[in-house]
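Residue numbers start from 1 in every chain, and the chains themselves are labelled A, B, ... in the order their sequence lines are given, proteins ahead of strands.
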There are 2 protein chains.
Amino acid sequence: MTPPLFDPEKPRDRLLSAAARLFHRQGFAATTVREIGAEVGILSGSLFHHVKSKEDMLFAVMERVISAMHDALRAELASASDPQTRLRALISVELRYLHGPAADATGVLFHEWRALSEARRAVLLDGRSAYFALWQQVLTDAQTAGLTTLDPTMLRQFLHGALAWTSFWYKPGGALDLEALTDQALTLVLPPLR
Amino acid sequence: MTPPLFDPEKPRDRLLSAAARLFHRQGFAATTVREIGAEVGILSGSLFHHVKSKEDMLFAVMERVISAMHDALRAELASASDPQTRLRALISVELRYLHGPAADATGVLFHEWRALSEARRAVLLDGRSAYFALWQQVLTDAQTAGLTTLDPTMLRQFLHGALAWTSFWYKPGGALDLEALTDQALTLVLPPLR
DNA sequence: GGAAAACAACCAAGCGCTTGCTTGTTTTTG
DNA sequence: CAAAAACAAGCAAGCGCTTGGTTGTTTTCC
């Protein structure tokens, strides 16, 4: 369906994928370039042939997820017209990235944001705002349609937080599958009429 | 009202308070013992007179918040009987710790959990479960009272995530005060009847 | 009740080790 | 046979933590 975030054919991508895995598992600061090298089967020095610095890897990983999530959400919204379906798309994309094949990279984006230098954070913020602009529009439409009474901006923050935090407790492969989790999150935002 | 988390009279507490501030701002791994020493005005070596290791400080900070939050919530629940008021107490305590005077320590508990060794995480988990047991009961009662239709465990995870994530975007002192934020969060869980 | 012992708090110095990264050379590969 | 990818070796800086010793304040005890 969608191409994988990192192409296993390309050496640099293999490196970034390994870095994402380790950054996610241990955190950026606690991961050494020697560990990253070992993960892909090369010595630490060789790694700088593909990348300028350790922070470069963090930046590249985040950049990759940001544009991939944006593309995925835009594609999904393009084929959804009614407010409720669009609302579900928001949640679905977020949860699929957080718990699907791109889980490591997405986790790094969410939890290692502060490890990035301020200058590079500013660069990424552009792409990130574009993604959240989509959210804002969908949530505003949902409010107009009477699906929710909360202020769209507030709802965006709360919903995004609730979903992001699933990375701490939700384990795929258990009794609750991703589809069911998506439904539950939708119920949180969109309580049944009574 | 409640005693501060760290007593400025006690040298060890001053140290832990400074550590919490730095751990929160830069992350545990990215903070050096030399920085912590400088923050309280002593040399890095002297710091080990009060504490056995750098990780000890992280542990002590988290331990302090955990029991303080538990005490605060228990006290608040003791004087609240109806389900909705109790629900509000849950949110209120969480947000007051996240954005009040104990913000640094609470942020450390929330965001540096993985930096702690597994053995010590297990120790803290006991106190943490006690806190969440209070949540569980309040949310179950709320469901019984017909205030919400979501499964209490699910709601607990979503709500806690939404609140925890406020530390990334909510800045106290702005247009939205803590009381108003609490109301908004309550509205998320408890949509107006219609 | 006053000397002796203990203690809390810190400094100055530095040890052993790890860190991110560089350099020069060799191997692999299209 | 060149370009890409890796190795081997190591540097400078910084890391957590230890050591031995100096203060000033309590506590102990005959």
### Task
Output yes when at least one side-chain N/O atom of A/Ser46 is less than 4.0 Å from OP1 or OP2 of D/dC7, else no.
yes
### Task
Let me know which of B/Trp165, B/Phe28, B/Phe168 forms a ring-ring contact (aromatic ring centres under 6.0 Å, His included) with B/His111.
B/Phe168
### Query
Can you check the A/His50 NE2 to D/dA4 C1' distance for me, whole Å?
8 Å
### Message
I'd like to check A/Tyr170 versus B/Gln157 (side-chain heavy atoms, cut-off strictly below 4.5 Å). Are they in contact?
### Response
no
#### Entry: Interatomic distance, B/Gln26 CD vs D/dC15 P [rounded to whole Å]
11 Å
### Query
Which part of the nucleic acid, if any, lies within reach of A/Ser44 when heavy atoms closer than 4.0 Å are counted: base, sugar-phosphate only, or nothing?
base
### Task
Measure the distance from CD1 on A/Ile42 to P on C/dT27 and round it to the nearest whole Å.
18 Å
### Query
How long is the line joining CG of A/Leu43 and P of C/dT19, in whole Å?
15 Å
### Nearest-angstrom distance from the residue atom CD1 of A/Ile36 to P of C/dG20
8 Å
### Query
For B/His49 and C/dC7, is the shortest distance between a side-chain N/O and OP1 or OP2 below 4.0 Å?
no
### Query
Distance under 6.0 Å and angle within 45° of the ring axis: does A/Arg64 meet both against A/Phe6?
no
### Most 5' of A/Lys52 and A/Glu35 on DNA chain C, judged by nearest nucleotide
A/Glu35
### Message
If I take atom CG in residue B/Leu47 and atom P in nucleotide C/dA12, what distance separates them, rounded to the nearest angstrom?
### Response
16 Å
### Message
If you assign each of A/Gly41 and A/Arg34 to its closest nucleotide in DNA chain D, which residue comes earlier from the 5' end?
### Response
A/Gly41
### Query
In whole angstrom, what separates B/Glu9's CD from C/dA9's P?
13 Å
### Query
Within this structure, what is the CD-to-C1' distance between B/Glu55 and D/dC15, rounded to whole angstrom?
16 Å
### Message
Would you compute the distance between atom OG1 of A/Thr106 and atom CE of A/Met62 and round it to the nearest 0.5 angstrom?
### Response
11.0 Å
